[in-house]
Every structure is written in C-alpha cells, then in structure tokens.
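Down below is the structure, laid out as structure tokens.
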Number of protein chains: 2
Amino acid sequence: MAGKAKGRKARNGGGEITMSDIARHAGVSPMTVSRALSDPASVSDKMRRKVDAAVRQFGYLPNRIAGSLSSKRSNVIGLVVPSVRNSLYAAMIHAISDVARANGLHVMIANSGHRLEDEEALVSALLAQRVCGLVLHNTAHSKRLRELLARTDIPVVETGNLPAKPIDMAVSYSNFDAARAMTGHLGRLGYKRIGFVTLPLRDNDRSRERRRGYFAALKELGLPADPGLVLEAPGGFAEGADALVRLVQTHPDIDACFFAGDVLAVGALFECQRRGWAVPGRIAIASFDDLDLLRHTVPTVTTLRIPRQDIGRRSAELLVNRLRGASPQKVRIDVGFEIVQREST
Amino acid sequence: MAGKAKGRKARNGGGEITMSDIARHAGVSPMTVSRALSDPASVSDKMRRKVDAAVRQFGYLPNRIAGSLSSKRSNVIGLVVPSVRNSLYAAMIHAISDVARANGLHVMIANSGHRLEDEEALVSALLAQRVCGLVLHNTAHSKRLRELLARTDIPVVETGNLPAKPIDMAVSYSNFDAARAMTGHLGRLGYKRIGFVTLPLRDNDRSRERRRGYFAALKELGLPADPGLVLEAPGGFAEGADALVRLVQTHPDIDACFFAGDVLAVGALFECQRRGWAVPGRIAIASFDDLDLLRHTVPTVTTLRIPRQDIGRRSAELLVNRLRGASPQKVRIDVGFEIVQREST
DNA sequence: CCGTTCTGTGGTATCGCTACCAACCTATAG
DNA sequence: CTATAGGTTGGTAGCGATACCACAGAACGG
C-alpha cells in the first residue's frame, strides 16, 4: 500500500500544503481529495466528511495552477479594454466580473490605451497565461492579432462595435446606427445646423462609424454636410467646452450639437451655464452614452442609452456557455440602443 | 542524442506547441529554449537566433501556467476593490495595471461589493490561483481573512484607509485627517452650521473614520455637534440632492454641507441649481475626492484631492520591490491629501 | 603544457494536480 | 450461489515548464 513510505523529501522544504498532505491526514488517496473538492457528489459521504475536516483543519487551498496545467483547463477570462479609467468600460467590466464570479471564473484585465500594437501584445500575454476566453473591447485589430486569434481555439467576444465579420462572437450595438439615429432625432426636432464633435478617429473604428452615421443622417434629412461643423476632440470636460465655443464662433447659426463621446457634452453644457447660453434655447446639446450624470444636470441631457452592462453580461455568458460545451458557432448580437429625449434638446 | 526519437504520442493529440517542439526544430535542448526566452543574456547569440527563429515560425507562446507551477512563482497580482464601477477605484486600478504591465505582471481583479464575507471568499480564490501579491482596498477585514493573510507569505498591500496595524504593507491617506481638515477648513471660512452627509457606515471603516474626523473638527472649532446635521446616504446624485434638501428643511440655519463621498456633492449642487439656491450664498458645498467633474461644474466645487493614482502606483511598486527580493518589512505610507478651495465655499 | 576557472549547454527530476484505467465492493438478478 | 452491473476508490502517468547538477569546451595563469 501507499502508506507513509516513499520518504520523499524533495526540494520543497515543506512550503506548500498539498493535496497529498490532506489525503494522508484524512486517510484517503489524493484522488479522493481531488474528487471531493471538484465534484463532491462523486465520493461517499464518509469520505467527503473526512476530506472536508482535513481541509478545514489545515486551511488547505488547492493549487489551481497545478490543476489548470493538469486538466488543460483554466478558469480565467482575459479582458482588454481601451481604458479602465473610463466609466463606460467600468460598467461592462463590472458585469463581466459578476457573471464570471457566479461561474467560478476570474478576470484578468488589461489596458490597451487605444493602441493597436499594445492590444496585440496584451492578447499574446493573456494567451500565454492560457486564459480560457477573451473579451476585447475593440473590433479593429492589427493584422497580426487577427491571425493570432484565428489560430487560437478559445472563445473570443468582440465588443464596442458590431464588426461586419466577427472573429468569433460579437456583442455590441451599432455605432453607425446610433449616431445616425440621434442625428436624425435632432433633425426631426427641427434643428437645421447640427454640429458634431467626435473623439479621436485614429485607430478607433467606433469613432469613425459614429461620424459616418452623422453624415448619413444629414443626407437623409436633406441637410447640407458642412465639414466645418465637425470637430475632433480628445475626451474631457474642457475639450467639450472648447469644441462648443469654437463651433459657435465659426458657425454662429449652429442650433444643435451632438457630442459623440465621453464627457464632452457635459463640459459643453457647463460652458453654456458659465456663458449664460440657454440650452436648448441658444443651442441644443445631445450626448452619446447614458452616463448617470446626464440625468441630473440642469438641464438634463438628451442622449443615447447604450446597455453597457448588458453587453458585459451577455459577453461573459457567451463565453461561459462555450466553456460549458456549447458548439462554436459565430454569434453576432446587436443589443441595440435607445434615444433618451431630455431637456437639453 | 535526443534526436527525434522518444516517439511520445501521449494523450495530447498534438494540441499545444511546447517548448520541446521548439527545441527540436531549433536543434537545441528544451532548457536552452527556456533560457533563451526567460534570460536571453544567458545563451549564446547563435543559440538565441535559432530559438527565436523557431519561436517566430511556430508562433510559439510559452505556457505560463506550466512555468509558474515549475518555478513556484506566478506573475499575477490580485486586486480586490469594493466596486470596479466607481471611478475612484478605477484610477487606482489603472495605475496598478500600468505598473504591473511595465514589470511583466498581470492583474486579476475582483469586486467585493463592500461585503466582508465576499472579500474573504475572493481573497481565498485569488490565493488558490497563487497570485504573487495582493492589493486590498479595505482595511477592516473579517477575522478569518486576517488569519488567512497572516499565514500567507505573499506581499499584501492594504489601502483605502491607514490601518493602525497593517497586515503587511499599507498605502493610503487618513480618512479621519482628511474629513477633519475639510471640516476645519469650512469652520475657518466662517461657516457655523456645517452639515455632514456620509456614505453607509456599515462594514466601512473609511466612512466611519470620516465621520469621526468631522466631529473632531467641530470640537476643535468650538462648534456644537448636532447629530441631526449628520445624514447617511447611499452614493449617488439623487441621494446627495435628497440629503441636502432634508438638511435644509430640518435645519434652515445650515450654512454649509460637507459630502463625504462619491457624487453626493454634485447631486446636491445640481439640486441647488434647480431650486435657484445660491452656492455658496445660501449654502456652501464641499466634497470628498477630486473628481474631474468638480473642477468644471458651475460653481466649481471645493474638495479634497486624494492622490488615488499615486496610491495605486505606489502599492504596485511595493509589491514589485518585494517580488524582486526586498526584505519583508512592514510599510505604512501616508500619501496625504490636499484641500482644493474652489467657488462653492 | 596542464590545472583551474568560467561560460554555455544538456539531462533529469520534480512542481501539485487531474485523466484514465484497474480494482474493489456492494447490490441485484438469474 | 454465481454472474453482471453499478458505484467508489486507488495507482500511475503525465500536463509543460524550470531548478539543479553535471559536463564540455574556451580562456586563463603559472
């Protein structure tokens, strides 16, 4: 029998409590410990009790690294977002993290900073960590990253935009449709000279799609497309304020402005407060993304409600289903969006 | 010689490309591949070139799970925050994530939702994943978690408050000092009836410390401590607005209010805008934490600047130093804070 | 010219766990 | 009472990497 023999001393100076230690003290085999912990139903009550007692006594924590190596299954999801600091992504991260936890998974997070090369490096690193699934908040990847992802066999969810040809699965809304809808909404409210402020377009297909949507709507409305009414600005309160002022100065006849990103609209609104410009009297303001803030400003701000949380939840659920054995079929979920008409327009 | 022999078929159906595969194709031993990848300086140029070529040719990604098991070193930091969704923590997460990346580490993130039992479960899970270090945004742990952390030998950084007796290392500001300083500041500006709105106190030593600081300052100012001037509110715009209104109704003589948390102050400010109450004419408003937003509202809001990003950066740096071999000595860093006087007071 | 140090390389033995198969034991039926 | 099935348990052999030691050849001094 196995007994206490084998007299292994190993180079392990008694550092880690292992499954064998628990097994020895519980008077069962290591395999039984393994089963008692990972699939309690598969061992008898008696055994399970013995194992549980020993586990508690020693405060044993199974080594998941060893477990993952042996089973060739990891329980970590990789997540790459442009910026953790942004509250929009934060909502998504939160939802993913909740679903993950409910399913015994962990989340490894990485910031791409909107840089495609960084995204590539980060995904490589996550794959080296052998994550069991990936969520990427980006759909415009570098060529090498596409190749890398095509070769891997773990499930991948892209989000942030609806790609024409998803690598694997995609959960998002259409930036084009959303921007087009909001611009159309402004047009139907009677605004004739609608400005558009966008986040940087470089390396960001979401921004570009939104601009495309804006122009498409203008065309449908029969309004002239004036490139001078479009401004590119980094995200931020001050940048939004600045953009608004510049547009009003160069185009005094502007009567509405659609801020397609981040906190630009709020910055602009505050600027109006400072200057005493009536909103929407002097100029109407519309925003992208339903920040909680927009519901409380004076006036409240018309915006697009993007179900960020749903996106996170459903992305994670898709991964979980795949891990549970669902057949790998391309999925492309459009979660839609909603126009929230408030006081600012 | 090793040759191509060994004819191993294994149960591995040829799934993963291993170091041995690379070694075979590069005509070197697996050990040389390992060294070429983890410590390039230790192999000759010739070998390194051969290895690099094979690595590139096959798009080989080393299996860090196997590496970690073998070396008993992981390269993942565990991070537990009350809520990913909160922009304050987000700044910290971002900084940690940057430092981690610069040092070849990854970040595994978990939400405790301000629940101590959850914190305990999450830390256990992270330890089972054999993270190489921990950052906890909380200092009031459950008894069992304290015991667990005392037994572990990985470095741990606590933050969010300055604990009297850190488990290992701590990087934070003092919630007590900060709240005391701001209340004192309001007193010295001449306000006599200073209200205080706090986040929930349960399971949150940070909130409790802030309230203690508020009362301590009142005492120092020689102002009466009126429990009716203290209100507990969940974080949020609406809650801040509501708290302000209630305080003004029950205490019409109130002339200032210190909102010790989240977006409460901003909600209150918007409520004043709606009601046409002059700020600080009718009532002064002060906030905790220098949200970008507070610099742009009308009026701008007096607040405490907490160097959240520094906290994250320094926490991560402490971990990294320890991992690089620094001797395990208790560290307790007070990053301080700063009062930012603006228009609202 | 030989012993010694230094550098670079390879072989072997794990790391702690799980997959797989074999063995066993109790039920149930024939 | 034996044959078959079903449910538990244990032993063995890896998972893919690294630590450690051994060794070969280059570099060096006396």
Side-chain angles (χ1 to χ4, degrees), chain A residues 1-3 5-6 8-24 26-51 55 58 60-75 127-130, chain B residues 1-3 5-6 8-24 26-51 55 58 60-75 127-130:
Chain A
M1 66 176 298
K6 263 204 155 169
R8 71 147 61 85
K9 209 148 298 171
R11 64 182 133 118
N12 173 358
E16 191 167 337
I17 298 172
T18 70
M19 209 167 247
S20 301
D21 297 328
I22 300 301
R24 197 167 41 245
V28 302
S29 81
M31 268 319 298
T32 300
V33 177
S34 173
R35 278 189 283 250
L37 294 176
S38 62
D39 182 16
S42 68
V43 301
S44 66
D45 281 10
K46 207 178 87 184
M47 290 290 181
R48 181 152 13 90
R49 269 194 299 276
K50 288 205 270 187
V51 170
V55 165
F58 292 91
Y60 170 67
L61 284 176
N63 186 330
R64 298 250 171 265
I65 292 190
S68 295
L69 177 62
S70 179
S71 66
K72 295 166 168 288
R73 270 182 279 105
S74 97
N75 54 349
L127 289 176
Q129 296 286 339
R130 295 302 188 264
Chain B
M1 68 176 296
K6 265 206 155 167
R8 71 148 61 83
K9 209 149 297 169
R11 62 182 134 116
N12 172 359
E16 192 168 336
I17 298 172
T18 72
M19 209 167 248
S20 301
D21 296 329
I22 300 302
R24 196 167 42 247
V28 303
S29 82
M31 270 316 302
T32 300
V33 177
S34 174
R35 279 188 281 251
L37 293 176
S38 62
D39 181 15
S42 69
V43 301
S44 64
D45 281 10
K46 205 178 92 186
M47 290 289 180
R48 181 152 14 89
R49 268 195 299 276
K50 286 205 270 187
V51 170
V55 165
F58 291 92
Y60 169 68
L61 283 176
N63 185 330
R64 299 253 170 260
I65 293 190
S68 295
L69 176 61
S70 179
S71 65
K72 294 164 169 291
R73 270 182 279 107
S74 97
N75 55 348
L127 289 176
Q129 295 287 339
R130 297 300 189 266

Quick one: closest heavy-atom pair of Ile17(A) and Tyr60(A), and the distance?
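Scanning both residues completely, I find the closest heavy atoms to be O-CE1, 3.3 Å.
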Assess whether side-chain contact (heavy atoms from CB on, under 4.5 Å) is satisfied between Asp21(B) and Arg24(B), documenting all intermediate values.
CA-CA 5 Å; Asp21(B) 296 329; Arg24(B) 196 167 42 247; 2.7 Å; yes
Criterion side-chain contact (heavy atoms from CB on, under 4.5 Å) on Thr18(B) and Asn63(B), from CA distance to verdict:
CA-CA 8 Å; Thr18(B) 72; Asn63(B) 185 330; over 6 Å; no
For [X] and [N], give me the distance from atom [atom1] to atom [atom2], rounded to whole Å.
X         : N       : atom1 : atom2 : value
Asp21(B)  : dC15(D) : CG    : P     : 11 Å
Leu69(B)  : dA13(C) : CG    : C1'   : 13 Å
Met19(A)  : dC17(C) : CE    : C1'   : 6 Å
Ile17(A)  : dC15(C) : CD1   : P     : 16 Å
Arg24(A)  : dG10(D) : CZ    : P     : 14 Å
Arg64(B)  : dC15(D) : CZ    : C1'   : 17 Å
Arg130(B) : dT18(D) : CZ    : P     : 19 Å
Asn75(A)  : dC17(C) : CG    : P     : 14 Å

Please determine whether a side-chain nitrogen or oxygen atom of Ser34(A) lies at a distance below 4.0 Å from atom OP1 or OP2 of dT18(C).
yes
Would you say Tyr60(B) reaches dG16(D)'s phosphate, i.e. side-chain N/O to OP1/OP2 under 4.0 Å?
no
Check every strand shown and say whether Arg73(A) touches a base, only sugar-phosphate, or nothing at a heavy-atom separation below 4.0 Å.
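Sugar-phosphate, backbone atoms only, no base.
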Would you tabulate the nitrogen or oxygen pairs shorter than 3.5 Å linking the protein to nucleotides 7-10 of chain C?
from: dT9(C); atom 1: OP1; to: Ser44(B); atom 2: OG; distance (Å): 2.6
from: dT9(C); atom 1: OP2; to: Ser44(B); atom 2: N; distance (Å): 2.9
from: dG10(C); atom 1: OP2; to: Ser29(B); atom 2: N; distance (Å): 3.0
from: dG10(C); atom 1: OP2; to: Ser29(B); atom 2: OG; distance (Å): 3.0
from: dG10(C); atom 1: OP2; to: Thr32(B); atom 2: OG1; distance (Å): 2.4
from: dG10(C); atom 1: N7; to: Arg35(B); atom 2: NH2; distance (Å): 2.8

To the nearest 0.5 Å, tell me how far Ser74(A) OG sits from Arg64(B) CZ.
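Atom-to-atom, Ser74(A):OG and Arg64(B):CZ are 14.5 Å apart.
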Looking at residues at least two apart in the chain, or sitting in another chain, which of them share a salt bridge (Lys or Arg N to Asp or Glu O under 4.0 Å) with Asp39(B)?
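With neighbours one apart ignored, the set is empty.
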Got a sec, which residues hit salt bridge (Lys or Arg N to Asp or Glu O under 4.0 Å) with Arg130(A), two or more places apart in sequence or on another chain?
Glu16(B)
Look at the side chain of Lys72(A) and decide which nucleotide, out of dA17(D), dC15(D), dG16(C), has an atom nearest to it.
dC15(D)
Using side chain to side chain contact (heavy atoms under 4.5 Å, CB included) as the criterion, list what pairs up with Ser71(B), not counting sequence neighbours.
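Side chain to side chain contact (heavy atoms under 4.5 Å, CB included) check on Ser71(B) returns Arg73(B).
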Contacts table for residues 30-37 of chain A: side-chain donor-acceptor under 3.5 angstrom, sequence neighbours left out:
from: Thr32(A); atom 1: OG1; to: Ser29(A); atom 2: OG; distance (Å): 3.2

Residue pairs fulfilling salt bridge (charged side-chain N to carboxylate O under 4.0 Å, His left out) with at least one residue in residues 42-51 of chain A, sequence neighbours excluded:
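For residues 42-51 of chain A: Asp45(A)-Arg48(A).
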Using five pairs at either end of the helix from dC1(C)-dG30(D) to dG30(C)-dC1(D), determine the angle between the two local helix axes and round it to 10 degrees.
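Axis angle across the helix from dC1(C)-dG30(D) to dG30(C)-dC1(D), nearest 10°: 40°.
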Ignoring hydrogens and geometry beyond distance, is the side chain of Ser71(B) in donor-acceptor contact with the base of dT18(D) at under 3.5 Å?
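Side chain to base: no pair present.
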